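Presented below is the structure to which this report refers.
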Number of protein chains: 2
Amino acid sequence: MSRHAFSILTDDEALFSRFRTLASSSTIHRLQGCKAIDELPAHGLIVLDTSGHDLRSQPEPFWQRCCQQHRIVVVSSTPSDDEGLAWLELGAAGYCHAYAAEETLQQVLEVVAGGEVWVGRSLMTRLLKGIGAHRSQSSRSWTEALTEREREVARRAADAESNLVIAQALGITERTVKSHLTAIFEKLGISDRLQLALKVHGIR
Amino acid sequence: MSRHAFSILTDDEALFSRFRTLASSSTIHRLQGCKAIDELPAHGLIVLDTSGHDLRSQPEPFWQRCCQQHRIVVVSSTPSDDEGLAWLELGAAGYCHAYAAEETLQQVLEVVAGGEVWVGRSLMTRLLKGIGAHRSQSSRSWTEALTEREREVARRAADAESNLVIAQALGITERTVKSHLTAIFEKLGISDRLQLALKVHGIR
DNA sequence: ATCCATCTAGTACCTGAGTACGATACGGCG
DNA sequence: CGCCGTATCGTACTCAGGTACTAGATGGAT
């Protein structure tokens, strides 16, 4: 596998060193400030580090334009699905952990250089969920362990209703709602209603 | 880059020849019928050719199970986004054109063998569009009112992290986390972290 | 020089949530 | 009949979460 030429924008010296090992010194180019991107020839491979303050200094349209003119790989030292999603929607061609294994980073660069898009596992899972069987797959799993009454309580609790509200809605006491919730938590292996909400709504 | 061992199921001799060039003869294994998959050790890399009649002979649950037990790459000589989507939802780890460039196929195998998911450009675009419709109005709106630090706290709180955990992760006190959360709640017009989670994850 | 946003933090307080350890009632099933 | 799952409810307790009021340190903008 050949090593690809690319530019990188980062404040992080350690990160720069890592990427230098991925390319021969003649094919890596360090950008001094985000404005330098405009000077580059189009369709090149560029790595952006989200921890750099340069990234936040520019508005979305700027990055959108960059993504159209180049192949952008965004790396983050504190990656999250939301951040990744935001960048991919802007048009980035890759998003991954800045300190992922070198083999992984190498792979990302190769894939993106080849004109494809690279997306990590967890974000990929989420994209798939967003498309189709959002309900059918995830909601099947958490429901089956619960009784009908528990499902009703779980749905409401996951919808941010307080115990008292749930109680009044169901015509029972708050204490009973708590009983149901305790049973629910035990069955699902969780400990509070926020985790329940994530389960019910198909996140985790 | 090393070549990975994998199994392949196809009726197409030409296709088999192509894949044989991707692996040394000792590491490729040709499956005789889809039932042979059950004999394989778990978590292996398997290539499935959708043009083979074996694929249609089995029901969805069979393939779903396969996808859970192995890393499945589906290749099609007449690929479509819909077909790809269907396989990815079943749990396949990759979907591409059976007669794509050898470098591409090699890349797909490497990516999938590395535990990641491979998705082509056009399908990727579609996935992003699908999620963008739901998310862009909700997820983009909750972020823009908040400061960067608040976004970080909000993301973690929405992920069911306790105030103490967040504090330790960010190197600040629990009290400060509470301050940020109070500011977040005020800005978003909500009153607790569960409602925050629903906002952050695009529900309500 | 001044003002404002942001990040940080202390003390004190209230409340909802969850748990512990119970209880009663009802219906199905061997 | 007794056993068990389900649904209901009591009291009392602990504790994380959220609020109120306050305030020092930055740093950028006017």
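Just so we're clear, the structure is a prediction, and the values are computed from it rather than from any experiment. Chain letters run A, B, ... following the sequence lines, proteins first and then strands; every chain starts at 1.
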Q | Gap separating the CG atom of B/Leu48 from the CH2 atom of B/Trp87, nearest 0.5 angstrom | A | 5.5 Å
Q.
Distance check, rounded to the nearest 0.5 Å: B/Gln107 atom CD versus A/Trp118 atom CH2?
A. 12.0 Å
Using a 3.5 Å distance criterion without hydrogens, assess whether the side chain of [X] forms a donor-acceptor pair with backbone atoms of [Y].
| X | Y | answer |
| --- | --- | --- |
| B/Arg71 | B/Glu116 | yes |
| A/Arg193 | A/Ala154 | no |
| B/Gln64 | B/Gly91 | no |
| A/Arg151 | A/Leu146 | yes |
| B/His97 | B/Tyr99 | yes |
| A/Arg156 | A/Asn163 | no |
| A/Asp159 | A/Glu161 | no |

Nearest whole angstrom, please: distance from the [atom2] of [N] to the [atom1] of [X].
| X | N | atom1 | atom2 | value |
| --- | --- | --- | --- | --- |
| B/Arg193 | D/dT19 | CZ | P | 11 Å |
| A/Asn163 | D/dG17 | CG | C1' | 14 Å |
| A/Glu174 | D/dA7 | CD | C1' | 17 Å |
| B/Ile184 | D/dG17 | CD1 | P | 14 Å |
| B/Phe185 | D/dA16 | CZ | P | 16 Å |
| A/Ile166 | D/dT8 | CD1 | P | 13 Å |

Classify the nucleic acid contact of [X] as base, sugar-phosphate or nothing, counting any heavy atom under 4.0 Å across all strands shown.
| X | value |
| --- | --- |
| A/Thr147 | sugar-phosphate |
| A/Thr173 | sugar-phosphate |
| B/Ser179 | base |

**Q.** First of B/Ile172 and A/Asp192 reached from the 5' end of DNA chain C, by closest nucleotide
**A.** B/Ile172
Q. Where each residue is assigned the nucleotide of DNA chain C containing its nearest heavy atom, which of A/Leu181 and B/Thr176 is assigned the position nearer the 5′ end?
A. B/Thr176
Protein-nucleotides 11-13 of chain D N/O pairs under 3.5 Å:
unit_1: D/dT11; atom_1: O4; unit_2: A/Arg175; atom_2: NE; d: 2.8

Q. Looking at B/Arg155 and B/Glu152, does any basic side-chain N land under 4.0 Å from a carboxylate oxygen?
A. yes
Q: Return yes if a side-chain donor-acceptor contact under 3.5 Å exists between A/Thr176 and A/Ser179, otherwise no.
A: no
Q) Bend angle of the helix from C/dA1-D/dT30 to C/dG30-D/dC1 from five-pair axes at both ends, rounded to 10°? A) 30°
Please list, for nucleotides 25-29 of chain D, all pairs of protein and nucleotide N/O atoms separated by less than 3.5 Å.
none

**Q.** B/Leu181 and B/Val177: CA distance, side-chain angles, deciding distance, side-chain contact (heavy atoms from CB on, under 4.5 Å) verdict
**A.** CA-CA 6 Å; B/Leu181 279 172; B/Val177 174; 4.1 Å; yes
Q.
Can you list everything that forms a side chain to side chain contact (heavy atoms under 4.5 Å, CB included) with A/Glu13? Sequence neighbours excluded, please.
A. A/Arg30
**Q.** Span of DNA chain C, from the first to the last nucleotide whose atoms fall under 4.0 Å of chain A heavy atoms
**A.** C/dA17 to C/dC21
Q. Can you find a side chain N or O atom of A/Arg149 that sits less than 4.0 Å from OP1 or OP2 on D/dT6?
A. no
**Q.** Pairwise salt bridge (Lys or Arg N to Asp or Glu O under 4.0 Å) hits with a residue in residues 165-191 of chain A, at least two apart
**A.** A/Glu150-A/Lys187
